[in-house]
S.K.: 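Dropping the structure in here first, questions after.
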Amino acid sequence: MLKFFNTLSRQVEEFQPIESGKVRMYICGPTVWNFAHIGNFRTFIFGDVLRRYLKFKGFELTHVMNLTDIDDRIINEAAARNISIDEFTEPFAQYFLEDFDALGNERPEIIPRATHHIAEMIDIISTLLDNGHAYESDGSIYYRITAFPEYGKLSKINFSGNRDGGSERIDTDKYDKEDARDFALWKLVGPDDQPGWDAPFGRGRPGWHIECSAMAMKYLGETFDLHAGGQDLQFPHHENEIAQSEGATGKQFAKYWIHSEFLKIDDVTMSKSKGNFFTFRDLKDQGYSPLAIRYLLLSVPYRKQLNFTFEGLQGAESTTERLRNFRSLVKESSGTGEEKDAVELVMIALKKFETAMDDDMNTAAALAAVHDMVREVNTVIAERSLSNDEKEAVLDAVSQFDAVLGIFGAETSEILDNDIENLIEDRQQARANRDFARSDEIRDLLAEQGIVLEDTKDGVRWKRK
RNA sequence: GGCGGUGUAGCCAAGUGGUAAGGCAGAGGUCUGCAAAACCUUUAUUCAUCGGUUCAAUUCCGAUCACCGCCUCCA
């Protein structure tokens with residue numbers, strides 16, 4: 001039975017989709033104003049594992065991840081470069097998707113952009129103005145918090161006790177708002193200012209939160225199953241999305257809210273504003289593999305802060321290497337054995353894996369099941385040949401695990417060019433002649449080209465480093 | 001100031017009222033011409049500290065300490 005911790009109730013709840021067998025899910029994507037760092041990607045990898053696990057459980061999925069391509073930072077940066085916001089955001093949108101793909105994430109069904117949904121935002125704002133949930137002040141439109149008594153139900157923020165001494169940047173009254181908590185839905189801009197869009201309530205640009213309400217409801221309906229994102233979005237972003245959406249429709253917006261925790265580095269949150277971040281590209285340039293980065297980021301359950309260390313990343317590198325070796329070893333095994341006890345091991349591992357993932361996506365426990373199976377099957381292989389049934393069962397389990405986690409890497413069935421084949425052959429000859437100096441020389445030569453050789457009792461194996 | 005979360009071996013970490021998963025790193029061994037891969041053995045009398053409840057607590061309660069976060073742009 002699949003269970004999630006729902007931020008709305010602060011409890012682990014059984015997951016029941018609105019429509020049997022189908023899941024509609026929205027995950028807040030990036031604001032494309034810079035390269036995404038690995039803390040950002042922790043959330044997207046979490047979202048990907050969530051997506052894949054829902055599919056694993058047999059749900060038909062509609063998954064939306066937006067790209068926010070308009071906000072104050074974007075406007076400022078574009079203005080500073082004297083280019084349009086599209087010219088500024090487009091490269092970052094592409095970089096993001098490249099990195100997203102490289103980290104082994106499946107593309108969501110729909111990846112909408114905020115600037116393509118201005119009309120939908122205007123519709124919602126109009127509705128909110130009509131029903132009294134929004135008001136105009138100095139040409140801008142604000143959400144009226146007092147018209148939505150449930151405000152705060154997600155973040156559980158006690159607004160009475162947090163006025164003084166807390167935030168250093170409590171909104172100073174640069175706008176004339178009815179209530180300090182009210183937030184902008186639509187910001188007035190001048191007739192010639194860019195970017196700006198005409199709306200019945202005046203030319204302007206959207207506030208920060210309205211884009212997600214608009215895109216979520218457009219593609220998933222007024223009420224949908226799952227809404228997820230980084231925990232920093234819980235307040236104010238998600239709280240405000242709820243206020244806007246439910247204020248406009250009078251219906252529940254999302255049934256389950258799931259938030260992933262931060263990634264820390266040296267025990268401090270990794271964030272752009274603190275400057276203590278690594279982008280995916282930084283780590284790749286240092287020679288770390290996308291697979292290991294992915295493994296590390298998903299190895300800690302999503303609700304727990306993950307402390308990033310290079311020691312840990314190096315460990316993930318070793319671990320993923322071991323997983324890859326394992327799959328190759330099984331694939332290359334002859335399947336001539338008679339016994340079947342490994343089939344039983346595999347069944348147990350699959351069961352444990354599913355139980356762990358059902359339990360609010362406990363990836364650490366799920367990985368333990370994978371590793372148990374790997375070790376146990378390796379032990380069998382060390383002793384005897386796998387039978388065909390065993391081989392099939394193991395490979396099937398690997399592909400099931402990998403359908404969810406994506407940590408075994410791409411299956412490569414490369415062929416070597418003739419030169420390399422010949423070198424390997426020469427080396428075997430040298431070894432037969434006990435000319436080990438020559439054989440080691442060839443091994444080193446191949447290593448330089450990224451070909452690693454392993455001598456086994458069944459002959460020589462090779463793999464790419 | 002209000003609210004929430006963490007603290008388990010060198011590192012990353014799971015977990016439960018009944019006596020500590022898994023991975024990495026380390027040590028020893030098997031195999032190998034040597035490696036590599038793989039396997040085996042080993043690595044926390046102990047789960048931040050101090051009390052309490054209990055036959056029994058790492059797990060429940062209380063206090064203390066340390067760290068993280070939200071209340072403010074941020075996945």
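Lettering of chains follows the sequences in order, A, B, ..., and the numbering in each one begins at 1. Computed from a prediction, not measured in an experiment: that's the story for all the values here.
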S.K.: Please assess A:E211 against A:R113 for the test salt bridge (Lys or Arg N to Asp or Glu O under 4.0 Å), listing each intermediate value before the final yes or no.
M.R.: CA-CA 9 Å; A:E211 83 281 10; A:R113 300 198 187 195; over 6 Å; no
S.K.: Between C1' on B:G33 and CZ on A:R443, what's the gap in Å once rounded to a whole number?
M.R.: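 Distance check: A:R443 CZ to B:G33 C1' gives 10 Å.
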S.K.: For a side-chain hydrogen bond (donor to acceptor under 3.5 Å, both in side chains) check, start with the C-alpha distance between A:E13 and A:S9, then their side-chain angles and the critical distance, and finish with the verdict.
M.R.: CA-CA 8 Å; A:E13 297 178 8; A:S9 65; 2.4 Å; yes
S.K.: Which whole-number value in Å describes the distance from A:Y295 OH to B:G22 P?
M.R.: 13 Å
S.K.: Need one value for A:R327: base, sugar-phosphate or nothing, where a base atom within 4.0 Å counts as base even if backbone is also close, heavy atoms only.
M.R.: nothing
S.K.: Rounded to the Å, how far apart are A:F436 CZ and B:G33 P?
M.R.: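 Rounded to whole Å, this separation is 7 Å.
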S.K.: Of A:E321 and A:W33, whose nearest nucleotide on RNA chain B comes first from the 5' end?
M.R.: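 Mapping each residue to its closest nucleotide by heavy atoms, the 5'-most match is A:E321.
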S.K.: Among the candidates B:G33, B:C70, B:G23, find the nucleotide nearest to the side-chain atoms of A:T319.
M.R.: B:G23
S.K.: Of the candidate nucleotides B:C68, B:G33, B:A75, which contains the atom at the shortest distance from the side chain of A:T43?
M.R.: B:A75
S.K.: For A:S289 and A:E317, what are the C-alpha separation, side-chain angles and deciding distance, and is it a side-chain hydrogen bond (donor to acceptor under 3.5 Å, both in side chains)?
M.R.: CA-CA 7 Å; A:S289 69; A:E317 208 69 71; 2.5 Å; yes
S.K.: Taking only N and O in the side chain of A:R10, is any of them less than 4.0 Å away from OP1 or OP2 of B:C3?
M.R.: no
S.K.: Looking at A:N378, I'd like to know whether one of its side-chain N or O atoms comes within less than 4.0 Å of OP1 or OP2 on B:A38.
M.R.: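 For A:N378, the contact criterion (side-chain N or O under 4.0 Å from OP1 or OP2 of B:A38) is not met.
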S.K.: Which part of the nucleic acid, if any, lies within reach of A:L453 when heavy atoms closer than 4.0 Å are counted: base, sugar-phosphate only, or nothing?
M.R.: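 The residue A:L453 makes base contact.
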S.K.: Round to a whole Å and report the spacing from NZ of A:K331 to C1' of B:A37.
M.R.: 17 Å
S.K.: Identify whether any heavy atom of A:G229 sits under 4.0 Å from a base atom; if not, whether one sits that close to sugar-phosphate; answer base, sugar-phosphate or nothing.
M.R.: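 Result for A:G229 = sugar-phosphate.
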S.K.: B:A14 phosphate, OP1 or OP2: any side-chain N/O from A:K304 under 4.0 angstrom?
M.R.: yes
S.K.: Mind checking the P distance from B:A36 to B:C47? Whole angstroms is fine.
M.R.: 38 Å
S.K.: Could you walk me through whether A:F280 and A:F278 satisfy the ring-ring contact (aromatic ring centres under 6.0 Å, His included) test, starting with their C-alpha distance in whole Å, then the side-chain angles of each, then the deciding distance to 0.1 Å, before giving a yes or no?
M.R.: CA-CA 6 Å; A:F280 167 64; A:F278 294 103; over 10 Å; no
S.K.: Taking OP1 and OP2 of B:C12, is either one under 4.0 Å from a side-chain nitrogen or oxygen of A:N307?
M.R.: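 Answer is yes, contact under 4.0 Å.
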S.K.: For A:E261, which contact category applies under a 4.0 Å heavy-atom criterion: base, sugar-phosphate, or nothing?
M.R.: base
S.K.: Provide, to the nearest angstrom, the distance between the CG atom belonging to A:D455 and the P atom belonging to B:A35.
M.R.: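 After rounding, the gap between these two atoms is 12 Å.
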S.K.: Would you indicate, yes or no, if B:G15 has its OP1 or OP2 atom less than 4.0 angstrom from a side-chain nitrogen or oxygen of A:N362?
M.R.: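 The answer is yes; a side-chain N or O of A:N362 sits under 4.0 Å from OP1 or OP2.
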S.K.: Which whole number of Å gives the distance between the P atom of B:A35 and that of B:U30?
M.R.: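 It works out to 12 Å between them.
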S.K.: Could you check which nucleotide pairs with B:G69 in any of the strands shown, counting Watson-Crick or G-U wobble with both distances under 3.5 Å?
M.R.: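 Paired with B:C3.
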S.K.: Does the base of B:G33 carry an N or O that pairs as donor and acceptor with the side chain of A:R431 under 3.5 Å?
M.R.: yes
S.K.: Do the side-chain N or O atoms of A:T456 get closer than 4.0 angstrom to the phosphate oxygens (OP1, OP2) of B:U32?
M.R.: no
S.K.: Expressed in angstrom and rounded to an integer, what is the separation of A:Q305 atom CD from B:C68 atom C1'?
M.R.: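 Computing the A:Q305:CD to B:C68:C1' distance gives 5 Å.
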S.K.: Looking only at side-chain N and O atoms, does A:T379 come under 4.0 Å of OP1 or OP2 in B:C40?
M.R.: yes
S.K.: Report yes if the side chains of A:T43 and A:Y302 come closer than 4.5 Å at any heavy-atom pair, otherwise no.
M.R.: no
S.K.: Choose from B:C11, B:A75, B:G23 the nucleotide whose nearest atom is closest to any side-chain atom of A:H371.
M.R.: B:G23
S.K.: Report the distance from atom CG of A:L297 to atom P of B:A13, rounded to the nearest whole Å.
M.R.: 12 Å
S.K.: What is the distance, rounded to the nearest whole Å, between atom CZ of A:R375 and atom P of B:U42?
M.R.: 12 Å
S.K.: Nearest to the side chain of A:N325 - B:G33, B:C70, B:A37?
M.R.: B:A37
S.K.: Using the C1' atom in both, what is the distance from B:U59 to B:U54, to the nearest Å?
M.R.: 13 Å
S.K.: How far, in whole Å, is B:G15 from B:A21 if one measures between their P atoms?
M.R.: 14 Å
S.K.: Measure from the side-chain heavy atoms of A:S318 and tell me the nearest of B:A37, B:A25, B:C73.
M.R.: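 Per side-chain heavy atoms of A:S318, the pick is B:A25.
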S.K.: Could you walk me through whether A:F35 and A:F92 pass the ring-ring contact (aromatic ring centres under 6.0 Å, His included) test, one step at a time?
M.R.: CA-CA 6 Å; A:F35 292 101; A:F92 288 116; 5.5 Å; yes
